[in-house]
Asker: 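I'd like to ask you about the structure that follows.
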Amino acid sequence: NDDALIFATGTQERVSIDEHMVTVKDGDIVIGTAGHGLQFDVNGSGSDQLLDDYEEGTHTPTFLNLDVPSHVTVQHFNYTKIGRLVHIEFQFNVSSSINDASGFRFTLPFGTFGDRNIRIGCLSNKADSGAVPFSFLHDTGGANIKAITESGGFTGLSYNHFSGDVLVGGGTYETDA
């Protein structure tokens, strides 16, 4: 295009600007303004192909209906958000002195997309006869998930079920945030 502004080193074209498009032949792009992103549509026409959100961070979950908050400690809870996808990984320690029969629930860093069901896998160091496979399930709108077992349907698990356990989990879900 004759109207393009071309940046080159020697005779090698590196970057060109043509109307509202920037083309990088080789190298990295740094976006210095909010509300803009990387357009992956070759024609530059659709916002559905614009990557405009990337975030890494830590989350301090709220444990819902927990009588003594210090009975569940967070070793780490990290997340990476790319567009609408959020990947989380966490580790919780549950005190062996816990005495709380309410359902084990905690908040996510971002709300989920609509009323979609999501499941986050988790492992426990529980080795006694009470050990059952479990995961965390989000089954309603909002930003919290609950511990469930899937043997014979979904059955909620209480904080007491994990007394003295270390819980390690992670997964990816879609958000509308």
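Note that this is a predicted model, so its numbers are computed, not measured. The chain is numbered in sequence order, starting from 1.
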Asker: In terms of hydrophobic clusters joined by side-chain contacts under 4.5 Å, are V94 and L66 together?
Answerer: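 Yes, one cluster joins them.
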Asker: Using the rule that two of Ile, Leu, Val, Met, Phe, Trp, Tyr join whenever any of their side-chain heavy atoms come within less than 4.5 Å, decide whether V22 and F7 are in one cluster.
Answerer: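 V22 and F7: one cluster.
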Asker: Rounded to the nearest 0.5 Å, what's the gap from CG on D3 to CD1 on I17? Could you check?
Answerer: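 Going from CG on D3 over to CD1 on I17, the span is 13.0 Å.
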Asker: Run V68 and I98 through side chain to side chain contact (heavy atoms under 4.5 Å, CB included) and show every step you take.
Answerer: CA-CA 8 Å; V68 181; I98 197 165; over 6 Å; no
Asker: Return the OG1 to CG distance between T80 and N78, rounded to the nearest 0.5 Å.
Answerer: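 These two atoms lie 7.5 Å from each other.
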Asker: Would a distance-only check, ignoring hydrogens and angles, find a side-chain to backbone donor-acceptor pair under 3.5 Å from S95 to S97?
Answerer: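 A pair under 3.5 Å: yes.
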Asker: Can you name the closest pair of heavy atoms from C122 and L167 and give their distance?
Answerer: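 C122 and L167 have their closest heavy atoms at SG-CB, 3.9 Å.
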Asker: Please report the C-alpha distance between T107 and N144 in whole Å, then the side-chain angles of each, then the deciding distance to 0.1 Å, and finally whether the side-chain hydrogen bond (donor to acceptor under 3.5 Å, both in side chains) criterion is met.
Answerer: CA-CA 4 Å; T107 59; N144 65 71; over 6 Å; no
Asker: Tell me if the aromatic rings of F92 and F63 count as close, with their centers under 6.0 Å from one another.
Answerer: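 Yes: the rings meet the under 6.0 Å criterion.
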Asker: Taking all heavy atoms of D165 and all of H161, pick out the closest pair and write down the distance.
Answerer: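 The pair with the smallest heavy-atom distance is OD2-O, 4.2 Å.
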Asker: Is the gap between the ring centers of F162 and F134 under 6.0 Å?
Answerer: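 Judged by ring-centre distance (under 6.0 Å), F162 and F134 do meet the cut-off.
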Asker: If only atom types and distance count, is the side chain of S16 paired as donor or acceptor with the main-chain N or O of A4 below 3.5 Å?
Answerer: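 No, S16 side chain to A4 backbone: no donor-acceptor pair under 3.5 Å.
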Asker: Considering non-hydrogen atoms only, spot the tightest contact between L137 and I118 and give its length.
Answerer: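 Closest approach of L137 to I118, heavy atoms only: CD1-O, 3.2 Å.
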Asker: Donor-acceptor pair, distance only, cut-off 3.5 Å: does the side chain of Y159 make one with the backbone of H71?
Answerer: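 It does not hold such a pair.
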Asker: Would you find a donor on one side and an acceptor on the other, under 3.5 Å apart, between the side chain of H87 and the backbone of G171?
Answerer: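 Side chain of H87 to backbone of G171, a donor-acceptor pair under 3.5 Å: yes, one is there.
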Asker: For T23 and D18: C-alpha separation, side-chain torsions, deciding distance, then whether side chain to side chain contact (heavy atoms under 4.5 Å, CB included) applies.
Answerer: CA-CA 8 Å; T23 305; D18 182 348; over 6 Å; no
Asker: Please find the pair of heavy atoms, one from N125 and one from V166, that lie closest to each other, and give the distance.
Answerer: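 Where N125 meets V166 most closely, the heavy atoms are OD1-N, 2.9 Å.
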Asker: Rounded to the nearest 0.5 Å, what separates atom OG1 in T62 from atom CG in N65?
Answerer: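 The CG atom of N65 is 11.5 Å from OG1 of T62, to the nearest 0.5 Å.
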Asker: Once you round to the nearest 0.5 Å, how far does CZ of R14 lie from NZ of K25?
Answerer: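 Separation between the atoms: 11.0 Å.
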Asker: Test Y173 against L108 for side chain to side chain contact (heavy atoms under 4.5 Å, CB included), laying out the working first.
Answerer: CA-CA 10 Å; Y173 69 97; L108 295 167; 3.6 Å; yes
Asker: Just wondering, are more than 12 heavy atoms of other shown residues or ligands nearer than 6.0 Å to CG in N99?
Answerer: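 Counting other residues, nucleotides and ligands, CG of N99 stays at 12 neighbours or fewer.
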Asker: Keeping the roles fixed (side chain from T58, backbone from F77), state whether a donor-acceptor pair exists under 3.5 Å.
Answerer: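 Between the backbone of F77 and the side chain of T58 there is no qualifying donor-acceptor contact (under 3.5 Å).
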Asker: Linking I/L/V/M/F/W/Y whenever their side-chain heavy atoms sit closer than 4.5 Å, directly or via other members, would L123 and F104 fall into one cluster?
Answerer: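 Shared cluster, no.
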Asker: Evaluate side chain to side chain contact (heavy atoms under 4.5 Å, CB included) for L64 paired with F106, printing each intermediate quantity in order.
Answerer: CA-CA 6 Å; L64 305 171; F106 63 91; over 6 Å; no
Asker: Is there a path of hydrophobic side-chain contacts, each under 4.5 Å between heavy atoms, that joins L157 and F136?
Answerer: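 Same hydrophobic cluster.
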Asker: In Å, rounded to the nearest 0.5 Å, how long is the span from CD1 of I120 to NZ of K146?
Answerer: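 Atom-to-atom, I120:CD1 and K146:NZ are 14.5 Å apart.
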Asker: Is there a donor-acceptor pair closer than 3.5 Å between any side-chain N or O of S163 and the backbone N or O of S96?
Answerer: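 Yes.
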Asker: Please identify which of these residues, E89, H59, E55, E56, meets the side chain to side chain donor-acceptor pair (under 3.5 Å) condition with Y79.
Answerer: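 Checked E89, H59, E55, E56 against Y79; only one passes side chain to side chain donor-acceptor pair (under 3.5 Å): E55.
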Asker: Of the non-hydrogen atoms in I88 and P109, which two are nearest, and what is the gap between them?
Answerer: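 Here I88 and P109 meet closest at CG2-CG, 4.0 Å.
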Asker: If you take all heavy atoms of S158 and A101, which pair is closest and at what distance?
Answerer: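 Nearest pair, atom of S158 first, then A101: CB-O, 3.2 Å.
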Asker: Could you tell me whether the side chains of T175 and R84 share a donor-acceptor contact shorter than 3.5 Å?
Answerer: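 The criterion, which ignores hydrogens and geometry beyond distance, is not satisfied for R84 and T175.
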Asker: Judged by modelled atom types alone, do S102 and D100 share a side-chain donor-acceptor pair under 3.5 Å?
Answerer: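 The answer is yes; a qualifying pair exists.
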